[in-house]
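Below is one structure, written out as structure tokens, with a few remarks after it.
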There are 2 protein chains.
Amino acid sequence: MTQGKAEYVKGTLDLLILKIVALGPNHGYAIAQRLQQISKDFFQIHQGSLYPALHRLEDRGWLEAEWKDTETGRDAKFYTLTRKGRKHLEAELVNWERLTEAVALVLRTAE
Amino acid sequence: MTQGKAEYVKGTLDLLILKIVALGPNHGYAIAQRLQQISKDFFQIHQGSLYPALHRLEDRGWLEAEWKDTETGRDAKFYTLTRKGRKHLEAELVNWERLTEAVALVLRTAE
DNA sequence: TACGACACCTAGCGTGTCGACATATAGCGC
DNA sequence: GCGCTATATGTCGACACGCTAGGTGTCGTA
């Protein structure tokens with residue numbers, strides 16, 4: 001049944017991560033926190049989804065990683081959006097908009 | 001890369017099918033056509049997605065199937081929304097709304 | 001010293017979508 | 001009658017994604 005819990009991401013995870021990183025370089029753990037916070041707890045990204053997604057995005061050349069220290073003095077892998085990643089984000093934004101419009105068209109249909 | 005072509009349904013297929021059937025009993029082939037037409041060609045449901053989806057929805061008790069003749073005199077399996085299916089559709093509508101709102105929250109974030 | 005929060009990671013599983021293929025009938029032009 | 005297109009249903013294998021469940025290690029605090 002796709003889940004078993006409550007939160008689904010339905011293929012929007014890449015888009016969301018790219019958007020968060022576009023706000024400024026950040027590390028995985030913090031990205032998940034921001035996502036949860038901004039979405040008012042709707043998105044609760046599990047680590048088993050988060051890290052594979054980040055590696056995926058890096059493999060595709062949309063993110064770049066660099067080890068740095070956090071404010072709290074721990075090692076963390078900071079991700080930055082590449083030029084390619086920014087272009088892809090823009091394309092994904094358009095795609096998402098088109099998708100939601102198309103769905104809205106169907107859902108608004110009465111008869 | 002999620003696709004390779006152009007159209008993705010991102011887990012909205014069940015919702016869309018249920019909605020179309022809610023407009024009136026219909027058979028698979030026609031459901032796909034209506035979906036394509038209403039969405040102005042955005043959704044082009046492949047047969048390899050359509051029929052498994054219909055069987056899934058039937059298995060879960062959200063749709064009921066019955067063989068009938070179409071207007072053009074061919075045999076076709078007409079699907080009807082069950083009471084359970086209608087409840088599920090309503091729940092899915094709320095879920096979709098919540099999801100899009102949450103995504104919108106993230107995407108609107110500037111800073 | 002024990003615990004929770006921080007921060008990273010992987011393996012295995014379920015499931016949904018797609019592409020390709022298979023089947024069959026109705027209606028049309030030739 | 002023959003071939004073609006549209007209608008109509010279906011299966012199968014590959015693949016990508018997200019989830020569960022496990023693992024490592026550090027820091028701060030009670």
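The shown structure was predicted, so the numbers you read here are calculated from the model rather than taken from an experiment. Residue numbers begin at 1 in each chain, while the letters A, B, ... track the order of the sequences.
Atom CG in B/L15 sits about 14 Å away from atom P in C/dG16, given to the nearest Å. Counting to the nearest Å, the P atom of C/dC9 and the CG atom of A/D59 are 12 Å from each other. Note: CG (A/D69) to P (D/dC27) measures 10 Å, nearest angstrom. Counting to the nearest Å, the P atom of C/dC8 and the CH2 atom of A/W67 are 6 Å from each other. If you take NE2 of B/H46 and C1' of C/dG16, they are 14 Å apart, rounded to a whole angstrom. Nucleotide C/dA7 holds its C1' atom 16 Å from the CD atom of A/Q36, rounded to whole Å. Taking atom CD1 of A/I45 as the reference point, atom C1' of D/dC17 lies 13 Å away to the nearest angstrom. When the P atom of C/dA7 is taken as reference, atom NE2 of A/H27 falls 4 Å away, rounded to whole Å.
Base engagement by B/G48 is indicated by at least one non-hydrogen atom pair under 4.0 Å involving a base atom. Among the heavy atoms of the strands lying under 4.0 Å from B/Q33 are primed sugar atoms or P, OP1, OP2 only; no base atom is included. Among the protein residues, B/G11 comes within range of the sugar-phosphate backbone only, with heavy atoms under 4.0 Å from sugar or phosphate atoms but none that close to a base. Across all strands shown, B/L50 has no heavy atoms under 4.0 Å from either base or sugar-phosphate atoms.
In this structure, A/H55 does not reach the C/dC8 phosphate: none of its side-chain N or O atoms is under 4.0 Å from OP1 or OP2. In this model, the phosphate group of D/dG18 is approached by a side-chain N or O of A/R56 to a distance below 4.0 Å at OP1 or OP2. For A/T70 and C/dC6, the shortest distance from a side-chain N or O to OP1 or OP2 is not below 4.0 Å. Phosphate contact (OP1/OP2 of C/dA5, side-chain N/O of A/T72, threshold under 4.0 Å): absent. Of the side-chain N and O atoms in B/Y29, one or more sit less than 4.0 angstrom from OP1 or OP2 of D/dT7. Close to C/dG16, at under 4.0 Å from its OP1 or OP2, lies no side-chain N or O of A/K10.
Checked by atom type and distance alone, the side chain of A/H55 pairs as donor or acceptor with a backbone atom of A/Y51 at under 3.5 Å. Judged purely by atom type and a 3.5 angstrom limit, B/T82 uses its side chain to pair as donor or acceptor with the backbone of B/G61. Using modelled atom types, no side-chain atom of B/S49 and backbone atom of B/I45 make a donor-acceptor pair closer than 3.5 Å. Although no hydrogens or angles enter the test, the distance criterion places a donor-acceptor pair under 3.5 Å between the side chain of A/K19 and the main chain of B/T109.
Test B/L99, B/V103, B/V106 against A/F42 for side chain to side chain contact (heavy atoms under 4.5 Å, CB included) and you get one pass: B/L99.
Side chain of B/K77, nearest nucleotide from D/dT11, D/dG10, C/dA7: D/dG10. Of all nucleotides listed (C/dA7, D/dG10, D/dA8), D/dA8 comes nearest to the side chain of B/A76.
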